[in-house]
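Single-structure report; data block below.
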Amino acid sequence: MANRPKIDYVLFDMDGLMIDSEKIYTDVTNQILGQYGKQMTWDIKSGLMGKPEIPAAEHLLSFFPDIPLTIDLYLTQRNTLQDALWSTVPLLPGVRKLVLHLKAHNIPIAVATGSKRRNFELKTGHLDEIFDCFEGKIVCGDDRQYQMRGKPNPDIFLVAAREMLGRDVGQVDACSPDQEAQRARGLVFEDGVPGMQAGKRAGMSVIWVPDSNLLDVGYTGVEVADQILASVENFIPEEWGLPPYDS
């Protein structure tokens, strides 16, 4: 096992990591593209996961310049179809156990999601048992007061650590040695490539839990996850200096 830092706080992405919303994103997007005989492949999807709504839509539609679908029209159709499905989205395996475990042991936790806040509320309103554990420590992609850039920039994870958990991690472009050490005490759970990059650029350890399809997509980035898991179920807390699960 690699020599890993002692972790003091944990940050969670949401879509595709905590809840099985990526399937809804994929199905709805391909329903819309299907009207034009097109389909979103995993090569395309890998570049938009975790990004804010408009940059993600721009990335998607850049692959289909020959269809008469504007960003506004795509988002209107997508949001209408998705909104009808969010109340059915389930937790992914291992998430309930991990969040309740961290909460029971008073490990500081927060959510850092690229989703808009209205969408966060639609997606999680039926999952109070888990999301109430965060006690409102949620940063969403459209929280304008923080003036964040989207993933793969590190902004959202630094904001979550600083503003939600009170960690002195400095600013995005300014970090003292002590602040760098505070960043290194954070553990990020992510499923997307941009999110994994964002966590590493924030100076934190990252556990990457990708859809198996992502492993077949060529990756040329510099950032590398500290651990890759097939499921949150496979996480072993004590490997990161966290309390072990009860046997």
Just to verify, what does Glu129 make a salt bridge (Lys or Arg N to Asp or Glu O under 4.0 Å) with, not counting sequence neighbours?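 Only Arg96 meet the salt bridge (Lys or Arg N to Asp or Glu O under 4.0 Å) criterion with Glu129.
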
Would you say that more than 12 heavy atoms from the other residues, nucleotides or ligands in this model lie under 6.0 Å from the [atom1] of [X], or not?
{"X": "Lys137", "atom1": "NZ", "value": "yes"}
{"X": "Gln35", "atom1": "CD", "value": "yes"}
{"X": "Glu58", "atom1": "CD", "value": "yes"}
{"X": "Ile228", "atom1": "CD1", "value": "yes"}

Minimum heavy-atom separation for [X] to [Y], with atom names?
{"X": "Asp191", "Y": "Val209", "result": "CB-O, 3.3 Å"}
{"X": "Glu53", "Y": "Leu75", "result": "CG-CD2, 3.5 Å"}
{"X": "Ala161", "Y": "Met204", "result": "CB-CE, 4.0 Å"}
{"X": "Pro237", "Y": "Pro243", "result": "CB-O, 3.2 Å"}
{"X": "Lys151", "Y": "Gly114", "result": "NZ-N, 4.3 Å"}
{"X": "Ser62", "Y": "Pro65", "result": "O-CD, 3.7 Å"}

Residue pair Ile109, Val99: steps toward the side chain to side chain contact (heavy atoms under 4.5 Å, CB included) verdict: CA-CA 8 Å; Ile109 54 176; Val99 171; 4.2 Å; yes

If you apply the rule side chain to side chain contact (heavy atoms under 4.5 Å, CB included), what do you find for Phe12 with Leu102, and how did you get there? CA-CA 12 Å; Phe12 291 87; Leu102 295 175; 3.8 Å; yes

Salt-bridged, [X] to [Y], with N to O below 4.0 Å?
{"X": "Lys200", "Y": "Glu190", "result": "no"}
{"X": "Lys45", "Y": "Asp211", "result": "no"}
{"X": "Arg117", "Y": "Asp142", "result": "no"}
{"X": "Arg149", "Y": "Asp155", "result": "yes"}
{"X": "Asp83", "Y": "Arg118", "result": "yes"}

Without swapping roles, check the side chain of His59 against the backbone of Met49 for a donor-acceptor pair under 3.5 Å.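 Absent.
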
Any sub-3.5 Å donor-acceptor pair from Asp27's side-chain atoms to Ile24's backbone N or O?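 Such a contact is absent between Asp27 side chain and Ile24 backbone.
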
Cluster overlap Ile236 with Leu100, hydrophobic side-chain contacts below 4.5 Å: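 Unlinked, Ile236 and Leu100 end up in two clusters.
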
Should Met40 and Ile54 be regarded as members of a common hydrophobic cluster, given that ILVMFWY residues are connected when their side-chain heavy atoms come within less than 4.5 Å of each other, either directly or indirectly?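 Looking at the clustering, Ile54 is in the same group as Met40.
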
Side-chain heavy-atom pair [X], [Y] within 4.5 angstrom cut-off:
{"X": "Val139", "Y": "Glu163", "answer": "no"}
{"X": "Val169", "Y": "Phe157", "answer": "no"}
{"X": "Pro154", "Y": "Val172", "answer": "yes"}
{"X": "Ile207", "Y": "Trp240", "answer": "yes"}
{"X": "Leu98", "Y": "Phe189", "answer": "yes"}
{"X": "Arg162", "Y": "Gln182", "answer": "no"}
{"X": "Met18", "Y": "Thr113", "answer": "no"}
{"X": "Lys123", "Y": "Asp15", "answer": "yes"}

Gap between atom [atom2] of [Y] and atom [atom1] of [X] - 0.5 Å precision:
{"X": "Leu127", "Y": "Cys133", "atom1": "CG", "atom2": "SG", "result": "11.5 Å"}
{"X": "His101", "Y": "Lys97", "atom1": "NE2", "atom2": "NZ", "result": "8.5 Å"}
{"X": "Leu165", "Y": "Phe134", "atom1": "CG", "atom2": "CZ", "result": "10.0 Å"}
{"X": "Leu61", "Y": "Thr70", "atom1": "CG", "atom2": "OG1", "result": "8.0 Å"}
{"X": "Met14", "Y": "Ile138", "atom1": "CE", "atom2": "CD1", "result": "8.5 Å"}
{"X": "Ile67", "Y": "Leu33", "atom1": "CD1", "atom2": "CG", "result": "5.5 Å"}

Using the side-chain contact (heavy atoms from CB on, under 4.5 Å) definition, which of the options Leu17, Val193, Val224 pairs with Trp208?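 Checked Leu17, Val193, Val224 against Trp208; only one passes side-chain contact (heavy atoms from CB on, under 4.5 Å): Val193.
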
Of the options Asn30, Thr29, Asp66, which is the one that meets Lys38 in a side-chain hydrogen bond (donor to acceptor under 3.5 Å, both in side chains)?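 Result for side-chain hydrogen bond (donor to acceptor under 3.5 Å, both in side chains) with Lys38: Asp66.
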
Show your reasoning for whether side chain to side chain contact (heavy atoms under 4.5 Å, CB included) applies to Leu85 and Tyr25. CA-CA 10 Å; Leu85 298 172; Tyr25 279 124; over 6 Å; no

